[in-house]
Every structure is written in structure tokens, then in C-alpha cells.
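The structure appears right after this line, and notes come after that.
Here is the naming used below: chain letters follow the sequence lines, and residue numbers restart at 1 for every chain. Any value given below was found using the heavy atoms of this structure, including those in side chains, with hydrogens, waters and symmetry copies removed.
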Protein chains: 2
Amino acid sequence: MPRASAAAAARTAQQVLDAATDLFAARGFAAVSLDDVARAAGVTRGAVYHHYGNKAGLFRAVAARLQARVADSVVEAAEHAGADPRARLGAGSHAFLDAITSGPAVRVLLVDAPAVLGWREWRELDAENSGTHLRDALRAMGVDDDLLGALTAQLSGAMNDAALWIAEHEDGTRTRQQAHAALDRLLAAVAP
Amino acid sequence: MPRASAAAAARTAQQVLDAATDLFAARGFAAVSLDDVARAAGVTRGAVYHHYGNKAGLFRAVAARLQARVADSVVEAAEHAGADPRARLGAGSHAFLDAITSGPAVRVLLVDAPAVLGWREWRELDAENSGTHLRDALRAMGVDDDLLGALTAQLSGAMNDAALWIAEHEDGTRTRQQAHAALDRLLAAVAP
DNA sequence: CTCCTTACGTACACTGTGCATGTAAGACTC
DNA sequence: GAGTCTTACATGCACAGTGTACGTAAGGAG
């Protein structure tokens with residue numbers, strides 16, 4: 001008994017995506033079955049497979065949306081910081097930390113994504129979003145082209161682990177401040 | 001038809017561990033079945049379950065052994081570097097990069113481990129090994145206690161992503177040199 | 001109004017985990 | 001050194017979960 005208009009179909013796809021985001025964030029990829037997702041979204045597994053192909057495809061869609069949201073925050077913060085490259089780098093980096101630690105992004109993007117999508121695809125997804133901004137910011141700071149790739153990867157890794165470190169503790173603003181302070185220390189290595 | 005002496009049992013446990021290490025490194029945790037492991041080790045799944053409890057337990061054993069090996073390299077390099085805290089920090093960090101990128105450790109420890117064991121347990125495993133050494137080295141460098149936790153996590157993350165970056169490229173010594181150079185840049189932020 | 005396509009629902013096959021049970025060979029006791 | 005216990009596996013089965021083939025009804029285009 002399917003009743004499908006173009007709008008209704010888009011809505012069910014959204015509901016599935018929302019439900020999957022919550023469940024993946026709460027329990028992790030492996031502990032969530034597609035039946036769980038379908039039930040939470042009020043449909044059957046058939047609908048999930050129709051819209052997302054397979055379980056990895058659903059996860060990919062979830063991760064891509066979260067990644068895009070984080071990247072939006074980074075861009076907005078950088079815009080707001082003006083034209084000075086160093087100010088933009090700092091603002092974007094701190095915005096990244098705050099954005100990725102608020103909401104369900106950490107577990108999905110930083111714990112499960114590399115294993116589910118593979119490191120390579122995960123890196124590409126990152127490169128299409130916040131990764132590019134970091135790289136551009138470092139280039140604008142005058143980082144040698146030879147070091148650019150490696151330094152981008154390492155600073156990105158530092159921020160990711162900072163986010164995980166914050167999420168692990170989960171006891172208010174103190175650890176968050178420490179993470180931001182440590183990040184400033186590392187950024188100073190690039191721009192004194 | 002079991003024929004089990006104490007020595008023979010230890011040997012089969014070893015064979016299973018060796019086979020699992022190779023397979024997990026080559027295909028990833030999810031794509032390896034316990035039947036694959038058992039067949040590669042020349043036993044049945046019963047033996048695997050007997051020694052390691054379940055699939056996660058087997059993976060835990062694999063990861064712990066790899067982690068311990070990496071930590072050994074770090075310690076050895078630090079010892080060899082003498083008494084100067086800065087020299088020990090640098091030597092240990094670069095040794096970490098080289099050790100974790102040589103052999104099957106990268107995929108197991110950095111891609112699958114967080115998802116399979118959970119971020120928390122993975123962090124504890126790391127803390128029991130190379131993580132402690134990094135923290136000690138930073139403390140010896142006079143890093144403020146308030147920053148110690150966050151900075152350790154972020155530098156660790158930077159090194160992990162440096163390792164993944166090296167493993168991703170896999171084209172000889174050039175990328176490796178770039179990674180080491182970028183790492184030096186970050187270490188300079190802690191110790192000028 | 002007809003036909004085609006989209007959007008699901010349903011049923012089934014297959015893979016893989018984990019556990020329960022069986023069993024034979026050390027190891028230990030006397 | 002015979003009996004008993006425990007360890008070290010092998011085997012078989014139950015169950016969960018994925019993916020896919022098929023069925024089906026409701027838009028939408030002509």
C-alpha cells in the first residue's frame with residue numbers, strides 16, 4: 001500500500017536519515033540494525049534500501065550531512081573573522097571544535113566513519129568539506145607547499161582527537177577551554 | 001580429536017593471533033570472518049572461541065600486541081636518545097611514526113580499533129602504552145599541568161593522522177620525510 | 001484513460017556469530 | 001600407573017541481520 005508523491009518520498013527519506021543519525025550516534029554503526037532504523041522512522045526496511053541502497057550507503061548519507069553542517073559552521077566563523085589569514089585560521093579551527101562536539105557528529109564522523117567507509121573515502125569526504133578550508137588557511141599563512149599536505153593532515157588529526165577528548169570527558173566547559181588552549185598552542189607552531 | 005599439551009595450546013593460540021593480525025590488517029575487521037581466521041590458522045572456529053572468547057576479544061588481543069610492539073620501539077628510541085627531555089620527545093615521536101607505519105599496525109590500530117573496541121577502550125589501550133610516554137615527555141618539557149591532557153591527546157592525534165597519511169600515499173620516502181618535517185613543526189610549538 | 005515509473009512492502013536465501021554439546025588427550029592424585 | 005579431572009579443541013545448531021527478488025499500488029505524463 002504505497003502512497004508516494006514526490007514530496008512524500010522526500011519526507012520519508014528525511015525521516016529515515018534523521019532516525020539513522022540518532023541511532024548511529026547513540027549506539028554506533030555495528031549495533032544498529034536496519035530494522036531498528038526502519039522502525040524508528042515508521043517504515044519498513046524496503047524503504048531504507050530503496051533510498052540508500054545498503055547499510056553503508058545510509059551511513060554515508062548520514063556522515064555527509066553531518067560533515068556538511070560542521071563545514072558550514074567553519075565557513076561562517078571564518079567569514080565573520082574578517083580578512084586576516086591568522087584570524088581566519090584561528091576562528092575556523094575553534095569553530096570546528098565547537099561544531100563537531102555539539103550534537104551527534106563525533107561518534108559518527110570520528111569513530112565509525114573511518115572503519116565503515118574506509119580511511120580513503122572518509123578522507124575524501126573530509127577533503128570536500130572542512131579539510132579544504134584548513135588547507136587553504138594554511139596556504140594563506142604562507143606554509144611551504146612541501147609541508148602543506150602533511151601539516152594539514154596532522155592539524156586535522158589534532159583537532160579530531162581534541163573533539164574526541166572533549167566528548168570523552170563530557171564534564172562542562174573546563175575541558176573545552178583546555179582543548180581550545182592546547183589547540184592555540186599548536187596553531188602557534190604554524191603562525192607565531 | 002584434540003591433542004593438547006600446554007606448549008601446543010600456546011602455539012595454536014599464537015597461530016590464530018598471527019593469522020588474525022594478517023587478515024584484519026589486509027581486509028579490515030568487518031570483512032574477516034572467524035572461519036577465515038580459523039582456516040588460515042589451520043584450526044576450526046572452536047579453537048578461536050576457546051582462546052579468545054569472541055570476535056572482539058580476538059581483535060583486542062591483536063591490537064594489544066601491535067600496540068605493545070609500537071610502544072617498545074618508542075621506548076627504545078627514547079632510551080637511545082639520552083637524557084635531554086627535548087631529544088627524547090623528538091626521538092620517541094619519530095620512532096612512533098616509523099614503527100606504526102611499518103607493518104600491519106596502521107589499519108588495525110588507527111582505523112578499526114576505535115570502532116570495534118569503542119573510543120574509550122581504545123584510548124585506555126593507548127594510554128597503557130605509547131600514550132603514557134608522550135604524556136611523560138611533555139611533562140618533562142615543562143608543559144603546564146592544565147594543558148597536559150589536552151595537548152597529549154592532540155599531539156597523539158596529529159601523529160596518528162600523520163601515520164595514516166603516510167600509509168595512504170605509500171609512495172616511498174618522500175611523503176615520509178614530509179610527515180616527519182611537519183611533525184617537527186608541531187613539536188616546536190611545545191618545545192622551541 | 002492508459003501506461004510507465006516510482007516508492008515502497010514482503011518473503012526468502014545466505015552469511016556469520018555465538019553457544020551448547022561432545023570428546024579425547026595431558027596433568028594430577030594416590 | 002590407574003583413575004579422575006581439566007584443558008583444548010571440534011561439531012552442530014539456533015539466531016540475527018543483510019541483501020535481493022518480487023509484488024503492488026499510487027502518482028504523473030501523454
Side-chain angles (χ1 to χ4, degrees), chain A residues 1-24 26-63 108 112-113 115-118 121, chain B residues 1-24 26-63 108 112-113 115-118 121:
Chain A
M1 36 290 219
R3 66 214 82 121
S5 75
R11 216 182 58 207
T12 63
Q14 273 286 328
Q15 287 171 335
V16 169
L17 200 61
D18 291 340
T21 300
D22 291 343
L23 288 172
F24 285 153
R27 299 186 217 161
F29 179 80
V32 173
S33 77
L34 291 186
D35 204 35
D36 293 336
V37 174
R39 194 166 12 239
V43 295
T44 63
R45 296 188 314 123
V48 179
Y49 275 99
H50 175 73
H51 284 290
Y52 300 102
N54 56 23
K55 194 182 180 185
L58 174 61
F59 183 87
R60 199 187 330 272
V62 168
V108 171
D112 281 339
V116 175
L117 304 178
E121 187 179 346
Chain B
M1 36 293 217
R3 65 213 81 116
S5 74
R11 214 181 59 207
T12 64
Q14 273 286 327
Q15 288 172 334
V16 169
L17 200 62
D18 291 341
T21 300
D22 291 343
L23 288 172
F24 285 152
R27 298 186 218 161
F29 179 80
V32 172
S33 76
L34 291 184
D35 204 35
D36 293 336
V37 174
R39 195 167 10 239
V43 294
T44 64
R45 297 188 314 125
V48 179
Y49 276 98
H50 175 74
H51 284 290
Y52 300 101
N54 55 23
K55 196 181 179 184
L58 175 60
F59 183 86
R60 200 186 330 271
V62 168
V108 171
D112 281 339
V116 174
L117 304 178
E121 187 179 346

Pairs involving residues 44-63 of chain B, ordered by first then second residue, that meet salt bridge (Lys or Arg N to Asp or Glu O under 4.0 Å) (sequence neighbours left out):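 Non-adjacent pairs meeting salt bridge (Lys or Arg N to Asp or Glu O under 4.0 Å): B:Arg60-B:Glu121.
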Sugar-phosphate only, base, or nothing, as touched by A:Val16 at under 4.0 Å among non-hydrogen atoms: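 Counting heavy atoms under 4.0 Å across all strands, no contact is made by A:Val16.
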hbond_proxy A:Arg45 side chain to C:dG9 base (donor-acceptor, 3.5 Å cutoff):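 Per atom types, no contact qualifies.
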Options C:dC8, D:dC9, D:dT18, nucleotide nearest the side-chain atoms of A:Tyr49: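 The listed nucleotide nearest to A:Tyr49's side chain is D:dT18.
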Nucleotide nearest B:Leu34 when distance is taken to its side chain, options C:dT17, D:dC9, D:dT18: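 It is C:dT17.
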Exam field: side chain B:Asp36 to backbone B:Ser33, donor-acceptor pair closer than 3.5 Å: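 Checking the backbone N and O of B:Ser33 against the side chain of B:Asp36, a donor-acceptor pair under 3.5 Å is found.
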Side chain A:Asp112, main chain A:Phe29, donor-acceptor under 3.5 Å: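 Yes: the side chain of A:Asp112 pairs with the backbone of A:Phe29.
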Phosphate OP1/OP2 of C:dT15 contacted by B:Ser33 side-chain N/O (<4.0 Å):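 B:Ser33 to C:dT15 OP1/OP2: no side-chain N or O under 4.0 Å.
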Side-chain N or O of B:Thr44 closer than 4.0 Å to phosphate OP1/OP2 of D:dT11: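 Result: no.
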Steps toward side chain to side chain contact (heavy atoms under 4.5 Å, CB included) verdict (A:His51, A:Val16): CA-CA 9 Å; A:His51 284 290; A:Val16 169; 5.6 Å; no
Interface residues of residues 50-63 of chain A with DNA chain D (non-hydrogen, below 4.0 angstrom):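 Those residues are A:Asn54, A:Lys55.
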Distance in angstrom units between B:Arg11 CZ and D:dT7 C1', rounded: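 Taking atom C1' of D:dT7 as the reference, CZ of B:Arg11 is at 16 Å.
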From CA spacing to verdict: side chain to side chain contact (heavy atoms under 4.5 Å, CB included), A:Leu17, A:Val62: CA-CA 6 Å; A:Leu17 200 61; A:Val62 168; 3.8 Å; yes
Minimal non-hydrogen separation, B:Ala61 against B:Tyr52, with atom names: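 The answer is CB-CE2, 3.7 Å.
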